[in-house]
Amino acid sequence: MQKKLKLWDATMLVMGSMIGSGIFIVSADMMRNLGSGYWMIVVWIITGIMTVAAAISYGELSALFPKAGGQYTYLTEIFGKKMGFLYGWGLFTVIQTGTIAAVAMAFGKFTAYLVPSLNDAAPIFQSGEFKITWIQMLAIAIILLLTYINTRGVESGKILQNVFTGSKILALLGLIAAGFIFVDFSHLAENSSLGTNAFNNIDKDTTGNFLKTGWKSIDGMTLMGGIAAAMVGSVFSSVAWESVTFVSGEIENPKKNVVKAMILGTSAVMLLYIAVNFVYLNAIDRDSIAFAANDRVAVAASQNIFGSAGTVIIAVLVMVSTFGCNNGLILAGARVFQTMAKDGLFFKSAIDNNKNDVPSNALWMQGVWASVLCLSGQYGNLLDMISFVIVLFYMITVFGVIYLRFKQPNLDRPYKTWLYPVTPIIYLVIGTVFCVLLLIYKQQYTWPGFLIVLLGLPVYYIINRNKNMDV
């Protein structure tokens, strides 16, 4: 593959893939689980430490295996094809494609703010609870458009990524500044005065709407469960940075630039996320965060900052953010499926590049399945289930750094994990606590996603029985 991506492009890919719709929405659920501005910021800081620690650890593997496929390649090289396939299976069935679908749907829903007729239009098709709406069709159109753009060559995807990522970074910085300059009455002291006492209110009426019946104190293990549940949102908003490793084969000097891009990109995004949450705590009170309409915290805060124009400002920002995010996800994900195909673990036709030197067949396979997930109406539930699985695969990969140090200590390592073994151990400890607490307190976030991955085992054995997969 041609080396067309420089350090700047790789860093923009990291940041652009991370910043989607999550940061504008997930803080509502986090506040409902915690009820404390103090603990909400603590959870974001913990997530930031986790994310940067993982990126620093991945750097060692990216320097050892500087080729396309990224995390799939690392897991295959360290633990064998079966582990690599299970990751790739999860990536194709729901992790990458489900994220693409969810981000595209977020684009559609916020577009409906500017074009109300999208919300008001009758469904194109409806049978019971299943329906196909114009918002879903817009989401599919965005996925197919971005897929087409990326089949035109990596240069097209790169330019689009840099423009949209740069735009949303500037817009977020503007929102952060305005959130402290233009707010008439600051709620920061009030939200911070809750201190280390956490409160939550999870009562619902018969239709599933939250009841504002008052906050109750929680502590001890209940608090730990609340932190783990809150982290589902912050973790989901902070994933996809590893997408840059999927395109290592197209990055200049990948042994150095991939790790630099991951560390620079994740650090910058986590600082932006923490600052944005301070804006929420400054602009609106606890109930306005926890019970924001449709969880759109950013809209509630922006209306308090900019007045009636706030809704339009956030709608445009989310549209820019999700469009750029999906471009990065689409650009990167197809490279994994192409690498799997070369290993005989995916459809054979995904191997070939088109005349523009990009894996167009893999891109279209990814785009079509993501579009199906848009139609299914179940992608949101699937995404709730996969935060556990994503962290589990991150942990296995980070553990691979330690495992390789023992198994092959004499390997030439162009980059070594900073503060090894402290850095990978930090991630493994936090990740283990997160996963164990979810297994205990929030099983709906764990077993379904885990079972989706385990379904890959029979598929793996079928493939190995017949290596000549074709479309």
Side-chain angles (χ1 to χ4, degrees), residues 7-8 10-27 29-31 34 37-59 62 71 99 103 165-166 168-177 179-180 227-228 230-245 258-282 297-298 301 317-318 321-322 324-325 328-329 387 390-391 394-395 397-398 417-419 422-424 426-431 433-434:
L7 174 60
W8 173 260
T11 305
M12 288 295 100
L13 179 58
V14 171
M15 298 183 72
S17 298
M18 288 178 73
I19 306 171
S21 58
I23 186 58
F24 306 104
I25 297 170
V26 298
S27 293
D29 187 63
M30 292 173 70
M31 184 61 89
L34 297 168
Y38 173 90
W39 282 112
M40 193 168 83
I41 294 299
V42 166
V43 167
W44 279 106
I45 291 172
I46 292 171
T47 306
I49 292 169
M50 274 184 74
T51 304
V52 177
I56 291 170
S57 301
Y58 270 52
S62 72
Q71 192 169 353
T99 305
V103 171
T165 301
K168 62 186 173 184
I169 290 170
L170 290 173
L172 279 175
L173 289 172
L175 176 65
I176 292 164
F180 288 97
I227 289 173
M231 281 184 66
V232 170
S234 60
V235 166
F236 172 67
S237 301
S238 308
V239 298
W241 51 266
E242 76 280 6
S243 292
V244 72
T245 69
V258 173
V259 63
K260 286 180 181 178
M262 286 192 293
I263 295 172
L264 290 171
T266 54
S267 300
V269 170
M270 295 316 302
L271 288 172
L272 279 173
Y273 280 0
I274 292 168
V276 168
N277 276 275
F278 271 113
V279 168
Y280 298 157
L281 294 172
N282 187 60
V297 185
L317 174 52
V318 175
S321 180
T322 49
C325 177
L329 294 170
S387 289
I390 291 173
V391 171
Y394 280 165
M395 287 172 64
T397 310
V398 170
T417 298
W418 184 59
L419 290 180
V422 175
T423 304
I426 285 173
Y427 186 86
L428 292 173
V429 169
I430 298 175
V433 172
F434 171 70

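Keep in mind that the numbers below use all heavy atoms, side chains included, and drop hydrogens, waters and symmetry copies.
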**Asked** Which is it for Val258 and Thr245 under the side-chain contact (heavy atoms from CB on, under 4.5 Å) test, yes or no, and what are the steps along the way?
**Response** CA-CA 7 Å; Val258 173; Thr245 69; 4.1 Å; yes
Check whether any side-chain heavy atom of [X] sits under 4.5 Å from a side-chain heavy atom of [Y], and report yes or no.
| X | Y | value |
| --- | --- | --- |
| Ile49 | Met270 | no |
| Tyr394 | Val239 | yes |
| Trp418 | Ser57 | no |
| Leu172 | Val276 | yes |
| Leu281 | Ile41 | yes |
| Leu329 | Ser243 | yes |
| Trp8 | Thr11 | no |

Minimum heavy-atom separation for [X] and [Y], please, with both atom names.
| X | Y | result |
| --- | --- | --- |
| Thr165 | Gly16 | OG1-CA, 3.4 Å |
| Ala53 | Thr423 | O-CG2, 3.5 Å |
| Asn282 | Gly179 | ND2-O, 2.7 Å |
| Ser234 | Val26 | N-CG2, 4.5 Å |
| Ala275 | Ile176 | CB-CD1, 3.6 Å |

**Qualifying side-chain hydrogen bond (donor to acceptor under 3.5 Å, both in side chains) pairs, either residue in residues 263-278, two or more places apart** = Ser27-Asn277, Trp44-Asn277
**Message:** Between Val297 and Phe24, does the side-chain contact (heavy atoms from CB on, under 4.5 Å) criterion hold? Intermediate values first, please.
**Reply:** CA-CA 6 Å; Val297 185; Phe24 306 104; over 6 Å; no
Could you grab the distance from atom [atom1] of [X] to atom [atom2] of [Y], nearest 0.5 Å is fine?
| X | Y | atom1 | atom2 | answer |
| --- | --- | --- | --- | --- |
| Ile23 | Leu175 | CD1 | CG | 9.5 Å |
| Met395 | Phe434 | CE | CZ | 10.5 Å |
| Met231 | Phe236 | CE | CZ | 15.0 Å |
| Thr51 | Ile430 | OG1 | CD1 | 9.5 Å |
| Leu272 | Met15 | CG | CE | 5.5 Å |
| Ser62 | Glu242 | OG | CD | 12.5 Å |

**Residues forming a side-chain hydrogen bond (donor to acceptor under 3.5 Å, both in side chains) with Thr417, sequence neighbours excluded** =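 side-chain hydrogen bond (donor to acceptor under 3.5 Å, both in side chains) check on Thr417 returns Glu60.
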**Prompt:** Which residues pass the side-chain hydrogen bond (donor to acceptor under 3.5 Å, both in side chains) test with Ser21, sequence neighbours left out?
**Reply:** none
**Donor-acceptor under 3.5 Å (Lys168 side chain, Ile19 main chain)** =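 Such a contact is found between Lys168 side chain and Ile19 backbone.
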**Prompt:** Just by distance, do the side chain of Ser321 and the backbone of Leu317 share a donor-acceptor pair under 3.5 Å?
**Reply:** no
**Request:** Just do the side-chain contact (heavy atoms from CB on, under 4.5 Å) check on Tyr58 and Val259 with the steps written out, would you?
**Result:** CA-CA 7 Å; Tyr58 270 52; Val259 63; over 6 Å; no
**Asked** Looking only at side chains, do Thr397 and Gln71 share a donor and an acceptor under 3.5 Å apart?
**Response** yes
**Item:** Step-by-step side-chain contact (heavy atoms from CB on, under 4.5 Å) determination, Val391 to Tyr427
**Value:** CA-CA 10 Å; Val391 171; Tyr427 186 86; 3.9 Å; yes
